[in-house]
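Everything below concerns the one structure shown next.
All values below come from the heavy atoms of this structure, side chains included, with hydrogens, waters and symmetry mates left out. Every value quoted in this text rests on a predicted model; they were computed, and no experiment measured them.
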Amino acid sequence: MRNFRLFLVMSVLVLTVTGCGIGKMVKNYPKVDIKLENEDLENKGGKVEYTIKGTVPPKYLKKKAHVEVDVPYLVYDENGNAKTESVGKIVLVGEKSKESGTKINYKSGGTFTKTGTFDYKEEYANAEIDAVSTIAQGKQSQTMTARKLGEGITNTASNIDLKPQVSETDHDGKINGNGTFVINAPHQYRPEFITETAVIYFEVNMSNLNWGLKLNKNKDAQENIKNFVNFLYEGRVIDKVIIYGWASPEGEESRNQGLSEKRFEQGKKWFEQQFDKYIKDYAKKNKIKAKDLKVPELVFENHAQGEDWSGFETAVEKSTIKEKNQILNVVRSQSSSAAREQKIREMTDIYTEIADVILPPLRRSEISLVCNKNNFNDEQILHFAIANPDTLSVNEKLYAGFLTKDAVKKESIYKEIIDNKASQNEWRAYNNLAVAYINKYMTTKQAGDLNQANDYLTKANAISPSNGIVLNNTAIVKFLENDVNGAKIKFEEAQKASIFPVPQNYNLGMYKILDGDYAGAKSMMNNKHCDYNVALAQLLNKEYDAAKTTLDCVQNPDAQTYYLKAVLGARMKNEADVRANLQKAIELDATIAKKAAKDPEFKRYRNITGK
């Protein structure tokens with residue numbers, strides 16, 4: 001009986017709704033057209049823009065009635081719970097309705113448009129976008145079944161990605177280039193070199209060593225040789241030996257080339273004799289057997305230059321010959337070496353100064369000994385950094401870390417610095433250790449490596465606050481930890497740092513993408529070629545051809561790059577590109593499959609990505 005009464009009440013309600021009141025409007029509701037102008041809503045700078053357009057047919061909306069449309073009406077999942085949310089509203093009112101809204105003429109019907117925005121939430125990514133209408137007149141009202149207008153709100157802008165490169169600073173700690181860099185601190189070691197040069201002269205057309213030659217017996221020439229030998233005996237670290245062989249330009253060119261090569265060999269032979277004598281004297285003085293003495297390997301640079309035309313012209317210009325300008329003009333105007341040589345031979349008969357003063361010093365060998373002003377060369381610094389670090393200064397140790405490509409050795413060198421009481425507060429070592437662990441993370445993807453990097457950067461920051469290099473690296477760690485907002489704060493601090501400020505146009509340009517300013521992003525990133533984030537900005541700005549060109553030339557594309565290429569394929573309605581690039585992305589990172597299955601960018605390709 002109770003159930004019958006309930007049925008009777010319900011029947012009366014239905015009759016009331018479908019009677020002379022709003023019943024006809026309820027019945028004809030499907031004829032009201034409501035659409036999203038663009039079904040592909042997207043997050044742009046934290047806001048979602050939408051435009052709703054609709055048409056009300058003639059003789060539909062009664063004069064005293066109104067229709068309240070909740071649109072967009074979002075149906076989404078939040079932690080496994082179904083949620084609904086109305087983020088916009090349109091009110092359509094009849095000609096005599098007391099409600100506020102868009103008036104619709106009863107006889108002719110009408111159209112309506114509403115443009116608006118709502119704040120984006122991550123939970124909206126796979127939301128169903130509905131329109132829920134309530135038809136009302138007086139005390140009567142009826143809420144209609146939700147009408148689906150679209151599905152999913154893309155958030156592709158959030159796919160900004162850091163692909164950091166390791167960078168060394170110059171001696172002043174400056175960074176060159178526009179990009180994302182993990183920055184090693186400046187080692188501040190400056191290799192400096194000092195050079196001493198000896199000159200040995202030769203007779204015309206001869207290459208044998210003749211100390212009785214007038215030029216070699218000259219007081220200045222002998223003083224030059226003496227200074228060179230004394231320089232050798234100072235025991236400096238030898239970097240290299242550069243030897244020039246020269247011939248005067250009056251002879252035949254091919255013969256002069258041969259003479260210069262032989263004179264190079266004579267210069268080298270003489271230097272090796274001096275060096276052997278120095279080693280024996282050093283061993284004797286230090287009571288070391290010559291065979292037990294570790295002799296550095298000499299690096300020779302051969303510069304057998306042939307005819308010294310430049311030297312000839314310089315000597316003539318400095319000479320007292322009155323006609324020197326005419327002589328040089330005649331020589332320079334000749335079209336071939338042979339013709340120039342002939343002119344010089346002719347002039348030696350006229351101008352004895354050419355034969356006696358200008359040409360003889362050009363027949364020579366120059367031996368330059370290039371030595372490191374520091375205590376050790378690069379090879380020795382690398383050796384001592386591992387074998388006997390106490391031998392080196394802190395700058396030399398940091399330089400060794402810069403020199404070696406071995407990650408294990410780098411870590412060992414930097415740890416020795418901070419374990420040493422004399423240098424335990426060296427921020428550069430802590431920073432560089434952090435860089436080593438960031439690099440390790442880029443390969444291992446182990447969170448522990450990032451934690452270790454963060455610990456070292458915290459210590460570096462405590463020792464050297466407001467340090468742009470440390471703050472830059474901290475920003476990268478935060479980004480890799482998915483603390484995107486925290487990373488932005490650190491990038492901004494790095495740019496304004498008191499010491500070693502680091503330009504951040506590229507990195508802060510990425511945040512322009514998150515803000516929805518795609519043109520600004522490209523400008524700040526300097527429209528870099530073959531760059532992932534530039535391609536992302538181009539894609540979001542609907543410059544699809546430009547984005548494809550940029551992505552296609554990215555070197556060593558990773559999973560994220562292939563994923564973006566798949567998104568581009570979806571936007572360009574190219575299923576083959578979607579399929580091929582998703583497959584490559586998933587091969588490199590299996591978690592991509594789950595992401596793609598939920599990404600609204602692929603809602604038209606669920607046969608590829610799954611549900």
Side-chain angles (χ1 to χ4, degrees), residues 42-48 119-122 124-125 154-167 169 173-175 177-183 431 434-435 437-439 441-442 445 447 449-451 453-458 460-462 464-528 531-541 558 560-561 564:
E42 64 179 327
N43 172 25
K44 186 174 182 180
K47 298 287 185 181
V48 181
D119 292 337
Y120 178 80
K121 295 198 304 189
E122 288 185 12
Y124 293 165
T154 62
N155 190 27
T156 300
S158 67
N159 288 344
I160 58 172
D161 192 29
L162 286 182
K163 303 185 187 301
Q165 299 172 291
V166 177
S167 177
T169 60
K174 293 180 180 177
I175 296 295
N178 184 34
T180 302
F181 300 104
V182 182
I183 307 171
N431 177 83
V435 169
Y437 277 98
I438 293 170
N439 290 335
Y441 170 80
M442 297 307 294
K445 301 300 180 185
D449 292 328
L450 277 186
N451 292 338
N454 200 42
D455 287 345
Y456 285 126
L457 288 169
T458 299
N461 184 66
S464 180
S466 193
N467 184 317
I469 293 174
V470 176
L471 290 167
N472 174 84
N473 295 338
T474 302
I476 290 174
V477 170
K478 285 187 175 297
F479 193 98
L480 295 173
E481 290 176 332
N482 294 319
D483 183 1
V484 177
N485 291 328
K488 181 183 182 184
I489 293 170
K490 293 301 176 184
F491 280 133
E492 290 172 337
E493 289 178 2
Q495 186 163 256
K496 299 173 183 176
S498 302
I499 56 173
F500 301 122
V502 178
Q504 297 292 347
N505 272 8
Y506 179 90
N507 294 325
L508 294 176
M510 289 190 306
Y511 289 89
K512 288 284 186 181
I513 295 176
L514 295 179
D515 293 340
D517 182 3
Y518 309 134
K522 289 186 296 175
S523 177
M524 285 189 72
M525 292 187 285
N526 201 28
N527 279 305
K528 288 183 69 176
D531 180 81
Y532 171 89
N533 288 310
V534 170
L536 176 61
Q538 290 168 333
L539 181 150
L540 292 167
N541 210 34
D558 58 8
Q560 194 80 338
T561 304
L564 189 60

Identify each donor-acceptor pair in which a side-chain atom of residues 491-501 lies under 3.5 Å from a protein atom, sequence neighbours left out, and give them as a table.
residue	atom	partner	partner atom	Å
Glu493	OE1	Lys490	NZ	3.3
Gln495	OE1	Gln504	N	3.0
Ser498	OG	Ser466	OG	3.1

Go through the structure and list residues passing side chain to side chain donor-acceptor pair (under 3.5 Å) with Ser523, not counting sequence neighbours.
none

Looking at Val182, Asn507, Asn533, Val484, which one forms a side-chain contact (heavy atoms from CB on, under 4.5 Å) with Leu162?
Asn507

Do Thr458 and Asp455 pair up side chain to side chain, a donor and an acceptor below 3.5 Å, judged on atom types alone?
no

Hey, mind stepping through Ile183 and Val502 against side chain to side chain contact (heavy atoms under 4.5 Å, CB included) and telling me if it holds?
CA-CA 10 Å; Ile183 307 171; Val502 178; 3.8 Å; yes

Does any donor atom in the side chain of Tyr506 or Asp531 lie under 3.5 Å from an acceptor atom in the other side chain?
yes

Does Lys121 NZ have over 12 foreign heavy atoms under 6.0 Å away?
yes

Looking at NZ of Lys528 and NZ of Lys522, how far apart are the two atoms once the value is rounded to the nearest 0.5 Å?
16.0 Å

Shortest non-hydrogen separation from Asp119 to Tyr124 and the atoms involved
O-CE1, 3.3 Å

Between atom NZ of Lys47 and atom CD of Glu42, what is the distance when rounded to the nearest 0.5 Å?
15.5 Å

Quick one: which of Val470, Thr474, Asn431 gives a side-chain contact (heavy atoms from CB on, under 4.5 Å) with Asn461?
Val470

Which pair of heavy atoms, one from Ala537 and one from Tyr518, lies closest together, and at what distance?
O-CB, 3.8 Å

Closest contact, heavy atoms only, Ala487 versus Tyr511
CB-OH, 3.4 Å

What one should report as the nearest heavy-atom pair of Asn155 and Tyr120 is CB-OH, 3.4 Å

With the threshold set at 4.0 Å, does a side-chain nitrogen-carboxylate oxygen contact exist between Asp515 and Lys44?
no

Kindly indicate, with the supporting measurements, whether the criterion side chain to side chain contact (heavy atoms under 4.5 Å, CB included) is fulfilled by Asn473 and Val435.
CA-CA 7 Å; Asn473 295 338; Val435 169; 3.7 Å; yes

Does Val166 form a side chain to side chain contact (heavy atoms under 4.5 Å, CB included) with Phe181? I'd like the steps, not just the answer.
CA-CA 6 Å; Val166 177; Phe181 300 104; over 6 Å; no

Show me the donor-acceptor pairs within less than 3.5 Å that the side chains of residues 475-483 make with the rest of the protein, sequence neighbours left out.
residue	atom	partner	partner atom	Å
Asp483	OD1	Gly486	N	2.9

Would Asp161 and Asp558 satisfy side chain to side chain contact (heavy atoms under 4.5 Å, CB included), going step by step from the backbone distance to the final call?
CA-CA 11 Å; Asp161 192 29; Asp558 58 8; 4.2 Å; yes

If we only count heavy atoms from C-beta on, is the Asn159 to Gln560 side-chain gap below 4.5 Å?
yes

Write down the atom of Met525, the atom of Gly509, and the distance for their closest heavy-atom approach.
CG-CA, 4.2 Å

Is it the case that the side chain of Asn467 and the backbone of Ile469 share a donor-acceptor pair, with hydrogens and angles ignored and the cut-off at 3.5 Å?
yes

CG/Asn541 to CD/Gln538 distance, rounded to the nearest 0.5 angstrom?
9.0 Å

At their closest point, which heavy atom of Ser158 faces which heavy atom of Leu514, and how far apart are they?
CA-CD2, 3.8 Å

Less than 4.5 Å apart, side chain to side chain, heavy atoms only: is that true for Tyr532 and Leu564?
yes

For a 4.5 angstrom cut-off between non-hydrogen side-chain atoms, does Thr154 reach Asn43?
no

